[in-house]
Amino acid sequence: MSTISPSHIHMDERHVAWIDDTNIKVIEVALEHIAHGSSSDEIFEQHNGYLTMAQIHAALMHYYDHQAEYDAEIDRQLREYDRLHSRDHDSPGRRRLRELGKLS
């Protein structure tokens, strides 16, 4: 007997990954995890009932399955932000990404 489990992730027409039944992108959960060091339990608490543990784990699994692409997109978005805004407003999340080598 085979088991079918839901992925909890869907792609929109622009190939952006979203968590099913939410308005939360996979990249947002991944950023909480890598930039702030949030565990899945902490992410669950921060989203106060809007995400299930299964959705959080699915999002993190999707991130790790496509980590190179996500890291490149994160870097692209941060470079675009830097281009548009002064680097004088360095956030703790950006410092953490820099420490992890995810941001140049």
Sequence-distant partners of Asp75, salt bridge (Lys or Arg N to Asp or Glu O under 4.0 Å), two or more places apart: Arg79
Pair listing, salt bridge (Lys or Arg N to Asp or Glu O under 4.0 Å) test, anchored in residues 52-74, at least two apart: Asp71-Lys102, Glu73-Arg76
Hydrophobic cluster identity match, Tyr64 and Ile9, side-chain contacts under 4.5 Å: yes
Heavy-atom pair with the smallest gap, counting every atom of His36 and Gly93: CE1-CA, 4.1 Å
Listed partners of His62 passing ring-ring contact (aromatic ring centres under 6.0 Å, His included), at least two apart: His66, Tyr70
Spacing of OG belonging to Ser40 relative to CD belonging to Gln55, to within rounding of 0.5 Å: 13.0 Å
Pairs where residues 24-51 contributes a residue and the test salt bridge (Lys or Arg N to Asp or Glu O under 4.0 Å) is met, not counting sequence neighbours: none
Inter-residue atom distance Ile19.CD1 - Leu51.CG, 0.5 Å rounding: 5.0 Å
Distance (rounded to the nearest 0.5 Å) between Thr52 OG1 and Asp20 CG: 10.0 Å
Rounded distance (nearest 0.5 Å) linking atom CD1 of Ile27 with atom CD1 of Ile74: 4.5 Å
Contact summary for Ala58 and Ser7, nearest pair of heavy atoms: CB-O, 3.2 Å
Atom of Ser38, atom of Ile43 and distance for their closest heavy-atom approach: CB-CG1, 3.7 Å
ILVMFWY clustering at 4.5 Å (side-chain atoms), partners of Val16: Trp18
Same apolar cluster (I L V M F W Y, side chains within < 4.5 Å links), Ile24/Met53: yes
Glu13: salt bridge (Lys or Arg N to Asp or Glu O under 4.0 Å) partners, not counting sequence neighbours: none
